[in-house]
Amino acid sequence: MKYSDSGVDIDRASSALKGAGSSIRNTWNQRVLSGVGAFGGLYDLQGLEENVLVSSVDGVGTKLKLAFQTGRHDTVGQCLVNHCVNDILVQGARPLFFLDYFATGQLEEGVLEAVIGGMAKACEENSCALIAGETAEMPGFYPAGEYDLAGCIVGAVARESLVDGSRIRPGDLLLGMSSTGLHTNGYSLARKVLLDEGGLSPDDSHDEGSLADALLAIHRSYLPHFQILRDYCEVRGMVHLTGGGFVDNIPRILPEGLSVRIHRDRWEIPSIFRRIAECGNVSDEEMHRVFNMGVGFLFVLSPEDSERVLDLDIPDSLGVLGEVMEGSGEVHLD
């Protein structure tokens, strides 16, 4: 017998990686010392001004189910990278390099190439090198046509520029940035409500496109927004609104003795969230605990800086959505 008789096609994996080689190399800079296919990715830190490394690892969750169902595999790679970029951005770090893990039962033509192409595109947009990864083909472990995807990011920030929330004070304001939909959280509930029990299809219409367009919208990176803000003001804290929504994510950056009030009437909730709530009879409280509700990222600024920033007309800004007050870590949704 041959390895291929068990369902593992080594040549197919090698061919896919070779085909993606050019897009991977497009993400590199002079600090990348290794090549495609090396056992480990090499990155030169010599002369780097930022002296604190910041790392994070994450996946795309059950958003992948939509990719399987629609055959659209390029967006989830971008979502993975941007999600990880945002996670380390919360502490003020810029991304240096990214590593991925792709596992499937059997490699299918074009799928791995599309996923890697999406990751490479997002890495290039975030000036982040895609330097290494793992492709695992495991017959019998995953259902036909499915795969799992995860990634690890490493970034850096100067110690004096770390953003840890310690400078947040009562009276500070929260500037919100719009999301591009669900991003990468809440898909188990969304799929159950819309597709499983709601009887809808990804091909059904939604706004200007299809339901699939809305659900597979790419998770936005907020690195460009931070790069604008830091030149004009002191960013005292940042929140990436992921799983847990407002209720669970905001307290993660608050110093002891502080709470936050969010005013829900200050931005328009996108239609995809309204559709989920209506189809599943999901309470408002539950929606704000599970989903980002159209707000993907929050910047905590002083009142003076907030006023100055509002005059900049920053892309995707929703304006001031809440304020910091004394309390014991609660998030009040008004």
Side-chain angles (χ1 to χ4, degrees), residues 50 54 82 85-95 126 155 157-181 183 219-242 244-270 273 284 288 291-334:
E50 299 95 334
V54 184
N82 288 341
V85 167
N86 292 337
D87 276 352
I88 64 170
L89 175 62
V90 166
Q91 291 166 298
R94 69 177 180 92
N126 287 285
V157 60
R159 192 178 188 91
E160 62 272 17
S161 299
L162 270 170
V163 182
D164 58 6
S166 61
R167 296 190 294 272
I168 297 176
R169 298 290 183 268
D172 286 348
L173 301 178
L174 282 78
L175 180 69
M177 297 291 144
S178 64
S179 70
T180 47
H183 280 180
H219 192 138
R220 172 173 281 158
S221 167
Y222 296 95
L223 178 61
H225 305 80
F226 174 69
Q227 291 171 332
I228 295 173
L229 284 172
R230 69 181 178 184
D231 292 335
Y232 290 91
C233 65
E234 176 194 22
V235 177
R236 295 184 172 181
M238 289 179 274
V239 181
H240 185 201
L241 286 165
T242 58
F246 293 84
V247 176
D248 291 342
N249 284 296
I250 294 176
R252 296 167 67 178
I253 69 160
L254 293 177
E256 187 175 354
L258 296 182
S259 293
V260 161
R261 186 177 304 281
I262 297 292
H263 303 278
R264 288 182 279 188
D265 60 350
R266 293 190 179 177
W267 77 95
E268 183 178 354
I269 296 174
F273 298 104
D284 200 44
H288 282 80
F291 301 105
N292 65 59
M293 302 302 286
V295 184
F297 208 83
L298 293 167
F299 292 97
V300 183
L301 312 173
S302 70
E304 297 76 19
D305 281 342
S306 297
E307 186 174 347
R308 185 181 306 114
V309 163
L310 290 176
D311 293 333
L312 296 177
D313 192 27
I314 297 176
D316 312 310
S317 174
L318 296 170
V320 173
L321 307 184
E323 63 274 343
V324 180
M325 57 188 183
E326 294 182 356
S328 52
E330 307 95 344
V331 176
H332 302 276
L333 298 169
D334 286 353

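Here the structure is a predicted model, which means the values were calculated and not measured. We count residues from 1, following the sequence as given.
- Taking the side chain as every heavy atom from C-beta outward, D334 and R261 approach each other to under 4.5 Å.
- The CD1 atom of I228 sits 9.0 Å away from atom CZ of F299, with the distance rounded to the nearest 0.5 Å.
- Tested against S306 for a side-chain contact (heavy atoms from CB on, under 4.5 Å), the candidates L175, L301, D172, V300 yield a single pass: L301.
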Working for side chain to side chain contact (heavy atoms under 4.5 Å, CB included), residues R220 and S178: CA-CA 9 Å; R220 172 173 281 158; S178 64; 3.0 Å; yes

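- How far OG of S166 is from CG of L254: 12.0 Å, rounded to the nearest 0.5 Å.
- Under the rule for a salt bridge (charged side-chain N to carboxylate O under 4.0 Å, His left out), R252 has no partner lying at least two apart in sequence or in another chain.
- Nearest heavy atoms, A93 versus G155: CB-C, 4.3 Å.
- Without hydrogens or angle criteria, N86 side chain to Y222 main chain gives a donor-acceptor distance under 3.5 Å.
- By the salt bridge (charged side-chain N to carboxylate O under 4.0 Å, His left out) test, D305 is found to be paired with R308, residues two or more places apart in sequence or in another chain being considered.
- A search for ring pair (Phe, Tyr, Trp, His ring centres under 6.0 Å) contacts involving H219 returns H83, H183, H240, not counting sequence neighbours.
- For the pair V157 and G92, the tightest heavy-atom approach, listed with the atom from each and the gap, is CG2-O, 3.3 Å.
- Atom CD of E160 has more than 12 neighbouring heavy atoms from other residues, nucleotides or ligands inside a 6.0 Å radius.
- Between W267 and H288, the ring planes lie perpendicular to each other; the angle is over 60°, past the 30° to 60° tilted range.
- Atoms CG and CE, from L258 and M325 in turn, are 10.0 Å apart once rounded to the nearest 0.5 Å.
- The distance from the CG atom of L298 to the CD1 atom of I262 is 5.5 Å, given to the nearest 0.5 Å.
- The backbone N or O of G329 lies less than 3.5 Å from a partner atom in the side chain of S259, making a donor-acceptor pair.
- Using a 4.5 Å heavy-atom cutoff, the side chains of F273 and N292 are in contact.
- Smallest separation of non-hydrogen atoms from V295 and G176: CG1-CA, 4.2 Å.
- For E50, the salt bridge (charged side-chain N to carboxylate O under 4.0 Å, His left out) partners are R94, not counting sequence neighbours.
- Closest non-hydrogen pair, V54 versus Q91, comes out as CG1-OE1, 3.5 Å.
- Distance CG/D248 to CG/L241: 10.5 Å, rounded to 0.5 Å.
- The side-chain heavy atoms of V324 and L174, taken from C-beta on, include a pair separated by under 4.5 Å.
- Of all non-hydrogen atoms in N126 and V85, the two that sit nearest each other are OD1-CG1, 3.7 Å.
- With sequence neighbours left out, R167 forms a salt bridge (charged side-chain N to carboxylate O under 4.0 Å, His left out) with E234.
- For the pair F297 and L89, the minimum side-chain heavy-atom distance is below 4.5 Å.
- For N249 (side chain) and T242 (main-chain N/O), a donor-acceptor pair under 3.5 Å exists by modelled atom type.
- Between V247 and L333, the closest side-chain pair of non-hydrogen atoms falls below 4.5 Å.
- Atom CG of D313 sits in a sparse spot, with 12 or fewer heavy atoms from other residues, nucleotides or ligands closer than 6.0 Å.
- Contact check for M238 versus F226: side-chain heavy atoms found under the 4.5 Å cut-off.
- Identified under the ring pair (Phe, Tyr, Trp, His ring centres under 6.0 Å) test for residues 306-334, with sequence neighbours left out: none.
- Going from atom CG of L310 over to atom CG of L173 covers 8.5 Å, rounded to the nearest 0.5 Å.
- Closest of all the heavy-atom pairs between L223 and P95 is CD2-CD, 3.8 Å.
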